[in-house]
Protein chains: 2
Amino acid sequence: MIRNTRQRTAVNAVFDELEGFHSAQEVHARMRAAGDSIGLSTVYRAVQALVDDGELDSIRTDAGEAIYRRCSARHHHHLVCRACGRTEEVEGPAVERWADRVAGEHGFVDVTHTLEIFGTCAACHSAGAPSADQPG
Amino acid sequence: MIRNTRQRTAVNAVFDELEGFHSAQEVHARMRAAGDSIGLSTVYRAVQALVDDGELDSIRTDAGEAIYRRCSARHHHHLVCRACGRTEEVEGPAVERWADRVAGEHGFVDVTHTLEIFGTCAACHSAGAPSADQPG
DNA sequence: GAGCATGTGAGAACTGTTGTCGACTGCGAG
DNA sequence: CTCGCAGTCGACAACAGTTCTCACATGCTC
């Protein structure tokens with residue numbers, strides 16, 4: 001049975017206030033800073049439960065860290081600023097169709113896909129950080 | 001200066017024999033098993049150097065492990081069977097354009113993207129493993 | 001309220017990866 | 001070929017993120 005504990009509720013609530021992606025560690029730190037007593041293990045467990053429930057979306061950063069976000073139910077992708085971490089949701093029905101079609105052509109079924117776009121947002125770009133050119 | 005060492009050559013050679021994605025640890029284990037004396041750090045360094053050179057492509061598994069594959073130079077994406085791990089390279093110029101356009105519309109510059117398609121390949125599907133449907 | 005399965009949390013353990021540093025060696029110069 | 005040296009190696013430690021452990025606490029059912 002799944003219980004409705006204070007901690008679980010609290011973690012859920014954190015994502016109501018937060019926009020963009022945040023790591024479990026960050027959520028933990030934030031809660032502790034806010035005076036909420038909670039263990040790191042519990043945050044991990046809560047977050048994973050929420051992902052299982054479909055309440056959160058998770059992706060992995062390039063550094064291998066898992067980050068989470070409350071997501072709207074419909075399928076979409078993310079446009080992430082690699083400087084400030086700002087996230088925008090984007091939709092691309094054409095991409096969905098393309099992915100399904102390509103997978104189908106190769107005989108694949110049960111198809112899902114992940115698509116994340118990384119870039120430097122206008123604010124960060126004009127803030128003057130010239131980034132190395134990214135190949136490919 | 002970049003030197004042409006036995007180890008570096010050996011790591012490179014491993015990817016000639018291997019298809020699909022493989023982790024640094026796996027490459028290391030494989031080389032040791034084959035009687036090749038090489039350190040794990042060296043494998044990591046070699047693999048990263050190869051990625052920098054554009055000789056290998058790297059993505060991250062859901063478990064956060066980095067896996068590598070010899071890739072053709074041009075930009076493409078992967079269609080991965082989640083049952084047997086078989087990988088196909090696919091290209092989608094339209095997707096590239098879409099990603100660039102969407103990013104541009106949001107004021108992002110210096111745009112890169114990652115796109116992986118996961119599914120069950122025909123062979124694995126007919127082998128009868130009915131998988132749970134994956135919500136978007 | 002009683003009973004108990006489930007959740008909690010501090011810390012240890014584990015995993016993949018990167019850093020350290022003395023020894024080694026490929027490669028160009030002579 | 002030998003020399004010199006800077007890039008490289010590799011065993012190991014360090015690190016970060018995540019998961020496991022286990023005694024204790026607590027939500028839920030009756």
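Here is how names work: the chains are called A, B, and so on, in the same order as the sequence lines, proteins then strands, and each is numbered from 1. The figures that follow rest on heavy atoms only: side chains count, while hydrogens, waters and symmetry mates do not.
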Using a strict 4.0 Å threshold on nitrogen-to-oxygen distance, state whether B:D53 and B:R8 make a salt bridge.
-> yes
Charged N to carboxylate O under 4.0 angstrom, B:D36 versus B:R30?
-> no
hbond_proxy B:R3 side chain to D:dT8 base (donor-acceptor, 3.5 Å cutoff) = no
Would you state whether a donor and an acceptor, one from the side chain of B:S41 and one from the base of D:dC12, lie under 3.5 Å apart?
-> yes
Using OP1 and OP2 only, check whether a side-chain N or O of [X] sits under 4.0 Å from [N].
X: B:T5; N: C:dG26; value: no
X: A:Q25; N: D:dA16; value: no
X: A:R60; N: C:dG16; value: no
X: A:R6; N: C:dG9; value: yes
X: B:Q48; N: C:dT17; value: no
X: A:Y44; N: D:dT19; value: no

Atom [atom1] of [X] to atom [atom2] of [N]: distance rounded to whole Å?
X: A:H28; N: D:dT18; atom1: NE2; atom2: P; answer: 13 Å
X: A:E26; N: D:dG17; atom1: CD; atom2: P; answer: 11 Å
X: B:L50; N: D:dT8; atom1: CG; atom2: P; answer: 12 Å
X: A:Q7; N: C:dT6; atom1: CD; atom2: P; answer: 17 Å
X: B:D36; N: D:dC9; atom1: CG; atom2: C1'; answer: 13 Å
X: B:E65; N: C:dT15; atom1: CD; atom2: C1'; answer: 9 Å
X: B:I67; N: C:dG16; atom1: CD1; atom2: P; answer: 13 Å
X: B:I38; N: D:dC9; atom1: CD1; atom2: P; answer: 7 Å

With sugar-phosphate meaning primed atoms plus P, OP1 and OP2, does B:A66 contact a base, only sugar-phosphate, or nothing at under 4.0 Å between heavy atoms?
-> sugar-phosphate
Using a 4.0 Å heavy-atom cut-off across all strands, classify A:S23 as base, sugar-phosphate, or nothing.
-> nothing
Verify whether one side chain among A:E65 and A:S23 offers a donor that lies under 3.5 Å from an acceptor in the other.
-> yes
Looking at B:H22 versus B:H28, is the centre-to-centre ring distance below 6.0 Å?
-> no
Decide if the gap between the ring center of A:H113 and the ring center of B:H78 is smaller than 6.0 angstrom.
-> no
If you find the nucleotide of DNA chain C closest to B:L40 and the one closest to A:R45, which residue's nucleotide is nearer the 5' end?
-> A:R45
Comparing B:Y68 and A:V43 on DNA chain C - which has the more 5′ nearest nucleotide = A:V43
